[in-house]
Amino acid sequence: MKSKSIKKVKVKFKLNGKELELETKPNKRLLDLLRDDLNLTGTKEGCSIGECGACTVIMNGKAVNSCLVLAGEINNSEIITIEGIAQNGNLHPLQENFLKYGAVQCGFCTPGMILSAYALLRVNPEPDEETIKEAIAGNLCRCTGYKQIIEAIKHSTKITDG
Amino acid sequence: MNPEFNYIAPLNLNSALKILSASKSRAKILAGGTDIIPGFHIGSKRFSSTELLIDIKRIRGLDTIKEYKNFVEIGACVTFSQLSESEIIRKYFPLLAKAAETIGSVQIRNRATVVGNFVNNAPCADSVPPLLVYDAKIQIQSLNRKREISLQKFLIKSYTTALKKNEIVTKILIPKPEPELKGDFYKLGRRRAVAISRISLAVLMKTKNSLIEEIRIASGAVTPIGTRLYELEKFARGKAANSDTFKELSIQLGKKVLEITGLRWSSEYKLPVLQQTFYQLLEKVSRDEI
Ligand code: FES
Ligand code: FES
């Protein structure tokens with residue numbers, strides 16, 4: 001009965017630098033929009049309730065959990081996912097350093113970790129270790145024990161990019 | 001999977017209020033969404049009858065912190081990130097800034113709103129004890145009425161507030177405290193990030209000639225709702241600001257909390273921790289004074 005009256009939402013937004021316009025169901029989460037409709041599966045679903053950070057994306061320059069954002073809410077916003085941070089076919093320095101310092105094991109947390117670090121470095125290119133830890137406190141990793149991740153982020157500091 | 005619902009993002013308060021009152025309680029207000037969206041996902045009964053979400057984030061003027069001569073205004077869409085980064089908040093309401101920093105993770109703080117933190121009156125709303133000791137008021141609007149109410153009165157019991165179905169909380173108003181009021185906020189959570197708080201306390205105190213001239217105490221999480229402990233405050237006023245008084249106050253706090261909550265399985269652990277925490281908090285605040 002309810003579903004009959006469901007109106008689709010229209011959203012216009014920028015995704016990884018490209019303007020997009022689409023219509024979707026109002027109960028769709030940004031996470032599902034990215035993964036299922038736009039085939040950007042770099043964004044992961046872990047807990048689905050805002051606790052693990054695997055679904056982290058950048059929205060208007062800030063790290064957010066895409067499992068806690070509804071499609072309608074992204075109207076007029078700018079979204080960056082893990083697929084959008086490499087430039088001209090070159091990995092982003094954070095990505096390079098995650099590989100170099102062994103910060104990736106199963107890799108499930110990696111996109112979210114990298115984007116949390118990315119959001120931090122955009123506003124604070126020279127964070128100390130405490131600040132790095134605080135920035136990734138909402139990203140859980142079950143494999144690495146965080147040490148390598150923090151190392152990788154530390155070696156990516158002072159990088160100022162767009 | 002989320003249930004089916006409609007979504008609308010009105011551009012001004014009046015249309016939001018119109019839609020809300022026309023919806024006959026099948027609508028819910030959406031601000032940060034960090035409570036309601038996972039609530040849908042886990043099938044929480046609190047949201048099961050929702051057929052429409054009214055997103056208030058596009059309404060102009062609700063996402064700002066404004067300073068006036070005697071008070072500061074926090075709009076309904078102000079996030080915890082905005083709060084902890086605000087110079088105004090840091091200057092006048094350091095306990096609130098501190099509480100804001102301890103909430104959730106960066107991702108949560110970037111979305112979750114201060115008003116959303118108490119509008120459902122969950123016991124673990126960390127911003128409530130600081131707001132209470134600062135005597136925060138809230139402004140509530142419906143189509144034909146605007147009213148102000150103290151936060152303490154607004155919070156009725158767990159998950160129940162004085163908000164009517166056709167009303168929206170539009171802002172928090174906090175009077176600037178006297179500069180002599182010093183205080184601290186303490187929170188003990190299970191895990192650092194995303195800890196849903198288990199014990200939280202806020203204290204503001206002003207001493208004169210080693211006597212407690214003014215004191216405000218609020219607890220959260222340990223009591224079913226965030227609450228000011230007025231009796232305890234009354235008991236403390238005029239007493240010497242020393243360890244003996246602080247010990248006595250801690251004992252009284254334990255009693256009071258037992259009285260409010262009744263014995264719970266966790267009391268055996270919580271109570272001594274609470275008393276010890278409170279004692280240390282009072283010592284610390286009084287030392288900072290000197
Ligand atoms: S899937 Fe979004 S925070 Fe875990
Ligand atoms: S690498 Fe496996 S969860 Fe982090």
Side-chain angles (χ1 to χ4, degrees), chain A residues 1-11 24-32 36 45 47-77 112 115-117 119-120 123 131-140, chain B residues 1-11 23 26 28 30-44 47-58 63 77 79-82 84-85 101-112 116 189-196:
Chain A
M1 202 175 83
K2 250 160 98 175
S3 56
K4 269 188 201 153
S5 56
I6 296 295
K7 275 200 221 73
K8 291 206 163 179
V9 290
K10 241 193 221 156
V11 287
T24 184
K25 288 171 73 179
N27 65 344
K28 181 157 308 211
R29 302 172 303 173
L30 173 57
L31 174 62
D32 304 316
D36 303 344
E45 175 159 22
C47 67
S48 325
I49 54 169
E51 291 188 353
C52 74
C55 66
T56 302
V57 301
I58 311 286
M59 181 172 175
N60 298 328
K62 299 197 163 202
V64 303
N65 294 316
S66 63
C67 70
L68 300 186
V69 176
L70 293 173
E73 295 179 276
I74 63 167
N75 197 21
N76 296 325
S77 74
L115 288 174
S116 283
L120 168 69
V123 292
T131 314
I132 293 174
K133 283 186 184 165
E134 189 54 45
I136 58 165
N139 294 80
L140 303 185
Chain B
M1 190 50 226
N2 280 341
E4 301 266 0
F5 49 75
N6 272 309
Y7 167 94
I8 191 158
L11 297 177
S23 84
R26 289 188 297 261
K28 279 249 182 302
L30 173 71
T34 55
D35 184 35
I36 198 164
I37 299 172
F40 279 136
H41 193 82
I42 62 167
S44 163
F47 308 122
S48 57
S49 62
T50 307
E51 290 176 19
L52 172 65
L53 286 183
I54 306 172
D55 186 350
I56 58 171
K57 289 191 292 296
R58 312 258 166 210
D63 63 346
C77 295
T79 64
F80 282 107
S81 292
Q82 276 177 279
S84 61
E85 284 159 18
E101 279 168 10
T102 70
I103 280 165
S105 56
V106 173
Q107 291 96 317
I108 297 287
R109 292 198 289 277
N110 281 342
R111 298 294 288 173
R190 235 180 309 194
R191 177 156 76 77
R192 230 172 78 77
V194 209
I196 303 285

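Protein chains get the first letters and strands the later ones, always in sequence-line order, with residue 1 at the start of each.
The candidate from Ile136(A), Leu70(A), Thr56(A) with the greatest count of non-hydrogen atom pairs under 4.5 Å with chain B is Leu70(A). Here Leu30(B) is the residue among Ile36(B), Leu30(B), Leu52(B) with the most heavy-atom pairs under 4.5 Å with chain A. Per-residue counts of heavy-atom pairs under 4.5 Å with chain A were compared for Gly32(B), Pro38(B), Gly33(B); the largest is that of Pro38(B).
The heavy-atom pair separating Tyr7(B) from Val9(A) by the smallest distance is CD2-CG1, 3.7 Å. The two residues Gln107(B) and Ser116(A) come nearest to each other via the heavy atoms NE2-OG, 3.3 Å. The shortest heavy-atom contact between Gly138(A) and Ser105(B) is CA-CB, 3.3 Å. Taking both residues in full, the closest heavy atoms of Leu68(A) and Ile37(B) are given as O-CD1, 3.0 Å, listed atom of the first, atom of the second, then distance. The shortest non-hydrogen separation linking Glu4(B) to Ile6(A) is OE1-CG1, 3.5 Å. The shortest heavy-atom contact between Arg58(B) and Glu73(A) is NH2-O, 3.2 Å.
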For this session: Report the C-alpha separation of Arg29(A) and His41(B) in whole Å, then their side-chain angles, then the decisive distance to 0.1 Å, and conclude whether the side-chain contact (heavy atoms from CB on, under 4.5 Å) test is met.
Result: CA-CA 10 Å; Arg29(A) 302 172 303 173; His41(B) 193 82; 3.4 Å; yes

Problem set entry | Worked verdict on Met59(A) versus Asn110(B) for side-chain contact (heavy atoms from CB on, under 4.5 Å) | CA-CA 10 Å; Met59(A) 181 172 175; Asn110(B) 281 342; over 6 Å; no

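By the side-chain contact (heavy atoms from CB on, under 4.5 Å) test, Ala135(A) is found to be paired with Leu120(A), residues two or more places apart in sequence or in another chain being considered. Taking Asp55(B) as the reference, Lys57(B) meet the salt bridge (Lys or Arg N to Asp or Glu O under 4.0 Å) condition, with sequence neighbours excluded.
Within the 4.5 angstrom heavy-atom criterion, only side-chain atoms of Ile42(B), from C-beta onward, approach chain A. Contacts of Cys47(A) with chain B are absent, with no heavy-atom separation under 4.5 Å from either backbone or side chain.
Taken to the nearest 0.5 Å, the NZ atom of Lys7(A) stands 14.0 Å off from the CZ atom of Phe5(B).
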